[in-house]
Amino acid sequence: MTSLHDHLYRATGSTSTALQPSQDECRPLLQAHTRYGSLKDVNESSGGDDQSVNEITGEAFDKVPKSKRTLGLASATSLIFNRVIATGVFAAPSLILRSSGSVGMTFVMWILGALVAATGTAVYVELGTGLPRSGGEKTYMEHIYQRPKFLITCMCAAFGIFLGSLSAAGRVFSEYTLQALDIVPTPFNLRITAVSCLTFAMVVHGVFLNWGLRVQNALGLFKFLVIILISFSGLFVLAGVPGFEVRPEYEKPNNYTWGTFWEGTNLDLNAFVTGMYNAIWSFVGYSNANYAMSEIRDPVRTIRIAAPLSMLFVTFAYLSMNIAYYAVVAKDDMLNSSSVAAALLFRNLYGPEAARVISAIIALSTLGSVLAIIFTMARFIQEIGREGVLPFSSFFASNKPFGAPFATLFTQWFIATITIMITPPGDAYLFVVNLSSYPLTIYNTLVSGGLLLLYTPAYKSFGWNPPFRAYKSATIFFFVSNVFLLLVPYVPPAPGHGVYKNLPYWSHLAVALGIGGVGIAYWFVCFYWIPKRRGYRLEQVEVMQEDGVSRNILKKVPL
């Protein structure tokens, strides 16, 4: 048998334990991009050879059969758009207005948030085209931070399994669904409705994959049409189109004169930080398609189009809907009302009975987000299973029995359901939301900082030569913005503006870091201390599953 010590570098970024990179590791990741300028060049040079075509498209980077690549441009775009557009476009404007103090400063914050999202999109497109395999940040960090071996994978496993935003999204869906049906919410029916939403998402993506994608894409289109409707309603009010005017019983806004536009601007640093924090997080999700790259047809070309296209739609949605909100709703009304901005717009134009309509719209928007989250996070955990570092890795890596990662979909559903059942409203619910957000900031910081490292002389042997490159200034800006998001939560909030009512403001940070510590402890015991004590090292060997998808298993090699 060939010595495992000579095991070549795999697409996951795993290496042998030698201190120097092997010859295979020093080659560019996608050599076809350095040899051919386009798919047409490949066909002319190779006579249409399938392997050459697969190299230029990125499909040769991961051993996944073509039959498993079911996502096209529309589905990839929908994955991102559905993930980003949930409740933020309907609820966040009033939150940001309270921090900014003026309509003008609100737009400044939204534009800055869009700029951060644009740079983040560029970073993830570069990494996605250079490493066109599912897993997102896990795949990129494994490639960049290769030592200590298996450490990054173990940390991602801890965060991926025990944390997630599914439970929070399920609760939001539950609340707005009950409002739309005019049902008085109780702890019992809120939980049952939320779990029903998650169960539907798990079944439709785990058993009926094609139908799940159709439903997901349809909800994305529905969101876009609703955004167009709301945006044009506001523009028609500004233009004085007959039939589009604020009802006489509500205050008419005057937000677009120069004086009123900037009136009340709050230049307090703490308030600005809070507003920017909300604006930046409203755009999160631009990396969502990267988690499922192994299931995308022609992933290199598709991600280069889908990611910027979807974020253009998102930016249009946020800016156009904010214009509409302030064309229809008075600033004081926005500040003092407990209703979301979209509900106020519908009330002012169509009457108070329209509140149930906007609740139904937000519920369906959130359902689209739930579908996008569970689809991609299941692939994230499946990629960890393909590395062989988890107990029962074959279970997590499997696509049985319905040709989809049902095992990891069920894992996501199970953890989210337990969280929903044991989490009461109030502090604990907000705690779960914040807890699921912080690891993403850690990922973004490590990924953007790692991309900068790939262009340093120390990483020259990696041969980083992706078909798309983000501007270095954009990568630096994204890195700095995530360092900002990483550190801001540790700053004590101003009096009267605490994160929680009863919990310390840093409680979710401590738990998030603790879960990361569990991943580190698991790596230390299973991949360092025990092997060292028993005189062996662990090496990955690639095997093929019955469905034609490869995965790694671990073998003990005596020292």
Side-chain angles (χ1 to χ4, degrees), residues 81 84-114 117 176 220-258 260-264 275 278-279 282-283 311-366 368:
F81 186 75
V84 181
I85 301 292
T87 59
V89 72
F90 304 107
S94 55
L95 297 175
I96 295 175
L97 178 61
R98 291 187 181 99
S99 298
S100 66
S102 71
V103 176
M105 185 55 68
T106 294
F107 279 98
V108 169
M109 289 181 175
W110 279 116
I111 292 170
L112 289 174
Y176 283 101
L221 179 60
F222 168 77
K223 291 184 193 184
F224 190 71
L225 294 177
V226 168
I227 289 166
I228 294 293
L229 170 65
I230 293 176
S231 301
F232 274 91
S233 296
L235 291 176
F236 288 163
V237 170
L238 285 176
V241 176
F244 288 88
E245 57 186 16
V246 176
R247 295 167 71 94
E249 61 266 31
Y250 302 112
E251 181 184 357
K252 291 188 177 181
N254 182 30
N255 296 318
Y256 287 121
T257 64
W258 184 255
T260 58
F261 193 66
W262 299 101
E263 182 181 6
N278 284 317
S282 296
F283 284 93
M311 292 312 295
L312 280 174
F313 287 159
V314 168
T315 303
F316 164 78
Y318 281 131
L319 294 180
S320 63
M321 288 185 71
N322 271 275
I323 292 171
Y325 292 148
Y326 294 112
V328 177
V329 182
K331 176 185 170 182
D332 289 341
D333 200 4
M334 186 91 75
L335 288 171
N336 299 322
S337 176
S338 59
S339 300
V340 298
L344 296 174
L345 180 144
F346 269 66
R347 182 204 66 183
N348 285 11
L349 287 181
Y350 310 113
E353 63 278 1
R356 289 176 60 183
V357 175
I358 196 63
S359 294
I361 289 173
I362 296 176
L364 289 172
S365 176
T366 306

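These values consider heavy atoms only, across backbone and side chains, with no hydrogens, waters or symmetry-generated copies. Only a predicted model underlies this, so the values are computations on that prediction, with no experimental measurement involved.
Atom CZ of Phe222 sits in a crowded spot, with more than 12 heavy atoms from other residues, nucleotides or ligands closer than 6.0 Å.
Residues Val246 and Pro253 meet the side-chain proximity criterion, which asks for heavy atoms closer than 4.5 Å. Inter-residue side-chain proximity for Val84 and Met311 is flagged as met; some heavy-atom pair is nearer than 4.5 Å. Residues Phe244 and Val328 fail the side-chain proximity criterion, which asks for heavy atoms closer than 4.5 Å. Side-chain contact between Tyr325 and Ser94: absent, with no pair of heavy atoms (C-beta onward) separated by less than 4.5 Å. Side chains of Val226 and Leu364 form no contact here, defined as non-hydrogen atoms less than 4.5 Å apart. Looking only at side-chain heavy atoms (C-beta outward), Leu335 and Leu97 come within less than 4.5 Å of each other. Within the 4.5 Å cutoff, the side chain of Ile361 has no heavy atoms near those of the Tyr176 side chain. In this structure, Leu112 and Met109 have side chains that are not in contact, with every pair of non-hydrogen atoms separated by 4.5 Å or more.
Taking all atoms of both residues into account, the shortest heavy-atom contact from Ser337 to Leu344 is OG-CD2, 3.4 Å. The two residues Val329 and Asn348 come nearest to each other via the heavy atoms CA-ND2, 3.8 Å. A pairwise comparison of heavy atoms in Arg347 and Pro352 identifies CG-CA, 4.0 Å as the closest pair. A pairwise comparison of heavy atoms in Phe316 and Ser320 identifies O-OG, 2.5 Å as the closest pair. Nearest heavy-atom pair across Phe90 and Ser365 is CE1-OG, 3.8 Å. Pairing each heavy atom of Gly351 with each of Arg247, the nearest pair is N-CD, 3.4 Å.
Ring to ring, Tyr326 and Phe261 are not that close: their centroids are 6.0 angstrom or more apart.
Between Phe313 and Phe81, the ring planes are perpendicular. Angles over 60° get that label, and only those under 30° would be called parallel.
Note that NZ of Lys331 and CG of Asn336 are 10.5 Å apart. Values are rounded to the nearest 0.5 Å. Between atom OG1 of residue Thr257 and atom CH2 of residue Trp262 there is a gap of 12.5 Å, rounded to the nearest 0.5 Å. Considering CG of Asn255 and CD1 of Ile323, their distance stands at 12.0 Å, rounded to 0.5 Å. Between atom CG of residue Asn278 and atom CD1 of residue Ile96 there is a gap of 5.5 Å, rounded to the nearest 0.5 Å. With rounding to the nearest 0.5 Å, the separation of CD1 in Ile85 from OG1 in Thr366 is 11.0 Å. Atom CG of Leu238 is separated from atom OH of Tyr256 by 6.0 Å, given to the nearest 0.5 angstrom.
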For this session: Begin with the C-alpha distance, continue with both residues' side-chain angles, and end with the deciding distance and a verdict on ring-ring contact (aromatic ring centres under 6.0 Å, His included) for Tyr318 and Phe283.
Result: CA-CA 9 Å; Tyr318 281 131; Phe283 284 93; 4.7 Å; yes
For this session: Under the side chain to side chain donor-acceptor pair (under 3.5 Å) rule, what do Ser233 and Tyr350 come out as? Steps first, then yes or no, please.
Result: CA-CA 11 Å; Ser233 296; Tyr350 310 113; 3.3 Å; yes
